[in-house]
Engineer: 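Quick one: the structure is below, and I'll ask about it shortly.
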There are 2 protein chains.
Amino acid sequence: MPTTAAGSTGTTATDTATRLREAAYALFEQQGYAATTVDQIAAEAGVGRTTFFRVFGSKEDVIFPDHEALAARVAARLDTLGDDPGAAPLGATEAARIVLEHYLAEGDLARARYRLTASVPTLRDREVSSTAGYRRRFRDALRGWTGEEPGDDLRAEVVAGSIVTAHNHVLRRWLRGAVDDDGARRELDRALGLVLASVAATGRSGGADQVPPDDGRPGDGRPGTPAGGSTVVVLRSGASLEEVLPELQAALARVEVRVEA
Amino acid sequence: MPTTAAGSTGTTATDTATRLREAAYALFEQQGYAATTVDQIAAEAGVGRTTFFRVFGSKEDVIFPDHEALAARVAARLDTLGDDPGAAPLGATEAARIVLEHYLAEGDLARARYRLTASVPTLRDREVSSTAGYRRRFRDALRGWTGEEPGDDLRAEVVAGSIVTAHNHVLRRWLRGAVDDDGARRELDRALGLVLASVAATGRSGGADQVPPDDGRPGDGRPGTPAGGSTVVVLRSGASLEEVLPELQAALARVEVRVEA
DNA sequence: GAGCGTACGGTACTGAGTACCGCTCTCGAT
DNA sequence: ATCGAGAGCGGTACTCAGTACCGTACGCTC
């Protein structure tokens, strides 16, 4: 118990974690990740090696945010989707924004982490594999939306992966300094709009199934607000609706689509 | 297996590697991954511990295929795309098939690996991060297709991720025994068709840009031959019909389209 | 003050991964 | 046949991450 002011308790644990993290980042940037030992980090933070492993489970954990907790918050938001299919795009967008906002709040810490992960292969791998938890949560939430079964949920997996990819794309641009905070928020909306638009009608796998007739929300961050007018397209074809729908939807991107028979 | 080592020397090296791999898999299935030490594997294979680390760089490497070599083959196929945008879907499908065929050829070995990765978190992470190389290769190849720049290639990233996701979805179904070899090949065609169809028209980033009017190839591995019927699609949108019509027709290429008001 | 939970430090151990040295067998040249 | 030369292999010794266990100091409650 060295040098801790006698009055304050409770915040001690947090302080220890913070000191360890700061010491770790400083040493990593200075000597490199591999060349820095846990002993050095602990010594620099003024604690024992045991304490390091008690606070962070491993040398890698001191770098990364608590993805499990973050993914749990994402899942919680996704759970509020209920059975209303029209709420899915908005809900997914908000869920993704939870993650983005977390990084924005971290600020320079997130940037320092990016510098590390960009240069150390081990850490990059760790970061990549950390996306699996998010993909899984989005996939599970999206299954109700695609009407697929757990073993056979290609669409849900693809869309979930696309959401995560779109988020990470924007996040990386922010990490590199290509956009500022608000720019990142706007780009996330735009990117997810692009990704989710191509799914809106893909929806249910059953050929004649219902597609959300109208999501009712005007412009959830989508680009152009449509202004009425309707068009009827008659497809005469041997191709089933299911087959042409993805292409059709993609072609119409940001246009609301309703399918009748 | 994808050991590109020119066999100038005897078959000794390959034999040692094979013995080590078989010993490792046997011990892993019997005692579990964590409980098996490299010493045990080496002893079981009748070689020294040093030899193990000379042949496989790490304990994990003995399990996984040479993803780098495999991804290089994928990249080689992708390089033959040239500038013809119509060739992209076919080329991407064939590139993905290279990977699938590799696993199919592995047979039981791939299944044994799947059993391991499904139960050991460390190995699952490794497997997840190994997909990054494939995604990167597809993304780079697709950039010519989407007309995007390296720092700002959202579409290419999303499509690349979707291709890998679709492939892994089918692969996992095969690994679980849900489909046989030919079934997996067919499902890969179908899954990639679904994924790539939604991109065909998304193509170039410019909104009103030209999309390949017709790729001319009938059924590049697309699923079933359709059987007649017509479909009515109602578009409710602020976008004028003239705006969407070119894309729409391109998307439907092989489908007769009639537009009514 | 006695008991109790918590946070911490220290010691000792396992096992992966690395560096280095030395052995042996084979091949080709002289 | 002899002599390197090089490849493949084994052994030793070391570093360091991660785990298990024990002991201790502090604050809190009864």
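To find a chain, count down the sequence lines: A is the first, B the second, and so on, and within it residues start at 1.
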Engineer: In whole angstroms, how far is the P atom of C:dC21 from the CZ atom of B:Arg49?
Structural biologist: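 So the CZ-P distance, B:Arg49 to C:dC21, works out to 18 Å.
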Engineer: Specify the separation, in whole Å, of atom CG of B:Asp61 and atom C1' of C:dT18.
Structural biologist: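 Atom CG in B:Asp61 sits about 15 Å away from atom C1' in C:dT18.
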Engineer: Is the NZ or CZ atom of B:Lys59 both under 6.0 Å from the centre of the six-membered ring of B:Tyr33 and within 45° of that ring's axis?
Structural biologist: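 Because its charged atom sits under 6.0 Å from the ring centre and within 45° of the axis, B:Lys59 does stack over B:Tyr33.
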Engineer: Taking NZ from A:Lys59 and P from D:dT19, how many angstroms apart are they, rounded to a whole number?
Structural biologist: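 Spelled out: NZ on A:Lys59 to P on D:dT19 is 15 Å.
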Engineer: Hey, would you say the A:Tyr134 and A:His167 ring centroids sit under 6.0 Å apart?
Structural biologist: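 Not under 6.0 Å, so no.
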Engineer: Over how many whole Å does the gap from A:Arg126 atom CZ to D:dA17 atom P extend?
Structural biologist: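 Roughly 15 Å, once rounded to whole Å.
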Engineer: Across the strands shown, which category fits B:Thr50 at heavy-atom distances under 4.0 angstrom: base, sugar-phosphate, nothing?
Structural biologist: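 Base contact.
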Engineer: What is the distance, rounded to the nearest whole Å, between atom CZ of A:Phe56 and atom P of C:dC8?
Structural biologist: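 About 12 Å, once rounded to whole Å.
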Engineer: Looking at A:Thr51, I'd like to know whether one of its side-chain N or O atoms comes within less than 4.0 Å of OP1 or OP2 on C:dA7.
Structural biologist: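 No, outside the criterion.
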Engineer: OP1 or OP2 of C:dT14 less than 4.0 angstrom from a side-chain nitrogen or oxygen of B:Thr37, does that happen here?
Structural biologist: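 Indeed not, no polar side-chain atom of B:Thr37 lies that close.
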Engineer: Do the charged groups of A:Arg186 and A:Asp189 touch, with an N to O distance under 4.0 Å?
Structural biologist: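 A salt bridge is absent here (no side-chain N lies under 4.0 Å from a carboxylate O).
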Engineer: Would you kindly give the CG-to-P distance between A:Asp39 and D:dT15, to the nearest whole Å?
Structural biologist: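 Between P of D:dT15 and CG of A:Asp39: 12 Å.
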Engineer: Could you give the distance from CD1 (B:Ile163) to CG (B:Leu196), rounded to the nearest 0.5 Å?
Structural biologist: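 The CG atom of B:Leu196 is 5.0 Å from CD1 of B:Ile163, to the nearest 0.5 Å.
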Engineer: If I take atom CZ in residue A:Phe53 and atom P in nucleotide D:dA17, what distance separates them, rounded to the nearest angstrom?
Structural biologist: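 Interatomic distance, CZ of A:Phe53 to P of D:dA17: 6 Å.
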Engineer: Of all the nucleotides listed (C:dG9, D:dC16, D:dA13), which has the minimum atom distance to the side chain of A:Arg54?
Structural biologist: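 Nucleotide nearest to A:Arg54's side chain: C:dG9.
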Engineer: Could you state the atom-to-atom distance from CZ of A:Arg19 to C1' of C:dC8 in whole Å?
Structural biologist: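 A:Arg19 atom CZ is separated from C:dC8 atom C1' by 11 Å.
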